[in-house]
Number of protein chains: 2
Amino acid sequence: MTKINEIFKEHGIRLTQQRKEIFKILLNISQPVSANYIHNLLKNKLEKSRLSTVYRNLNTFKDLGIIKEVSSVNNNKKLYELSIGSNHHHHLICTKCGEMEPLDCPLEGYEDELKKKTDYKIIDHSINIYGICPDCINKTQKK
Amino acid sequence: MTKINEIFKEHGIRLTQQRKEIFKILLNISQPVSANYIHNLLKNKLEKSRLSTVYRNLNTFKDLGIIKEVSSVNNNKKLYELSIGSNHHHHLICTKCGEMEPLDCPLEGYEDELKKKTDYKIIDHSINIYGICPDCINKTQKK
DNA sequence: GTGACTGCAAATCATTTGCAACTCG
DNA sequence: CGAGTTGCAAATGATTTGCAGTCAC
């Protein structure tokens, strides 16, 4: 059971149709997705939904810490994924096709170490490993 | 002595005024900068220079591997820094003001380990640590 | 000389915003 | 009811592109 309503109530925001659907979409994906990707799926359920509102909700979720924004590098899009309910991880990204795979965090303990070295107040970190996925390696060889 | 001309010749691109100046700017900064930042400095030397051309040259440099694109997270800007001549490092980024500090890479050996675990061909990685810089911590306290 | 570069203007693309209408609580 | 949300259209801001003139080699 997902407790969407509780999560929303806890943060003091309304449980609208659109938010419910966006949240469900985010629950069902394992990779970070773009606002546009979400909007496309959303249109099946809510014909009238607008991309601008998707952005607004994603920003709301982000401000509340429900989702995380990860930076895509190929194109200039913002990508989002749930930050709650999912364990801390990073991504292995194919620079050819953009495919992403989750990776365990290799920085256990590093943040603590860093806190001693710097005057910054450390909050979070992101790691991206870039490479070429097996599919793209195969495609290149066939040519 | 910088060997700009050699680097350019080696890559088979012409040594134009603008490219020379952009390269010099990149040599003199320790933080990743935006196209706009470069363009502003450039205008002192080359009044007629255009932002679009700066972008074109940055993309050329990037394709040749002379510079690296790092993704800024606060705003949606692309930032660039030299990838040659500078040792491998990452950034500690203030989420309030965007200030960046270089950091040594904590992933020594990790890529090798990863190569055994995955079928991806590993190429590179990026790490960003987010926090609040001493300046911004002070500003908040004073309020 | 000629093809690679540039200035310039206009286009594109992701994201944001203003406002009036709507709807959750 | 009424403040928080949304649809809709229009604005914004970063980056790209087409084209004709210019410059490096």
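Values below: every heavy atom of this structure, side chains too, minus hydrogens, waters and symmetry copies. Each chain gets a letter, A, B and so on, in the order its sequence line appears, and its residues count up from 1.
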OP1 or OP2 of [N] less than 4.0 angstrom from a side-chain nitrogen or oxygen of [X], does that happen here?
| X | N | value |
| --- | --- | --- |
| B:Lys78 | D:dA14 | no |
| B:Lys43 | C:dG7 | no |
| B:Asn59 | D:dT16 | yes |
| A:Arg50 | D:dT6 | no |
| B:Lys48 | C:dC8 | yes |

#### Entry: Closest to the B:Arg19 side chain, choosing from D:dC8, C:dC5, C:dA9
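Among the listed nucleotides, the one closest to the side chain of B:Arg19 is C:dC5.
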
Tell me: [atom1] of [X] to [atom2] of [N], nearest whole Å?
| X | N | atom1 | atom2 | answer |
| --- | --- | --- | --- | --- |
| B:Glu47 | C:dG7 | CD | C1' | 14 Å |
| A:Glu69 | C:dT16 | CD | P | 8 Å |
| B:Asp63 | D:dT16 | CG | P | 10 Å |
| A:Leu58 | D:dT5 | CG | C1' | 15 Å |
| B:Leu42 | C:dT6 | CG | P | 10 Å |
| B:Ile4 | D:dA24 | CD1 | C1' | 16 Å |
| A:Glu21 | D:dT6 | CD | C1' | 15 Å |
| B:Leu79 | D:dA14 | CG | P | 12 Å |

### Message
Applying the side chain to side chain donor-acceptor pair (under 3.5 Å) criterion to B:Asn57, which one of B:Glu21, B:Lys62, B:Arg19 satisfies it?
### Response
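Going through B:Glu21, B:Lys62, B:Arg19 one by one, the side chain to side chain donor-acceptor pair (under 3.5 Å) with B:Asn57 is satisfied by B:Arg19 alone.
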
### Side-chain donor-acceptor contact under 3.5 Å, B:His125 with B:His88
yes

### Task
Return the set of residues passing salt bridge (Lys or Arg N to Asp or Glu O under 4.0 Å) with B:Lys116 (not counting sequence neighbours), or none when no residue passes.
none

### Query
For A:Asn57, which contact category applies under a 4.0 Å heavy-atom criterion: base, sugar-phosphate, or nothing?
sugar-phosphate

### Summary
All heavy atoms of A:Asp119 vs all of B:Pro134, minimum pair found to be CB-CG, 3.3 Å

### Message
Restricting to non-hydrogen atoms, name the atom on B:Phe8 and the atom on B:Arg14 that form the minimum distance, rounded to 0.1 Å.
### Response
CD2-O, 3.7 Å

### Task
Would you indicate whether A:Tyr110, at its atom OH, is surrounded by more than 12 heavy atoms from other residues, nucleotides or ligands within a distance under 6.0 Å?
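Yes, OH of A:Tyr110 has more than 12 neighbouring heavy atoms, counting only those of other groups under 6.0 Å.
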
### Task
Could you name each residue pair satisfying salt bridge (Lys or Arg N to Asp or Glu O under 4.0 Å) that touches residues 43-61 of chain B, not counting sequence neighbours?
none

### Task
Using a 4.0 Å cut-off on protein heavy atoms (strictly under), produce a 5'-to-3' string for nucleotides 17-25 of chain C with B for base contact, S for backbone-only sugar-phosphate contact, and - for none.
BBB---BBS

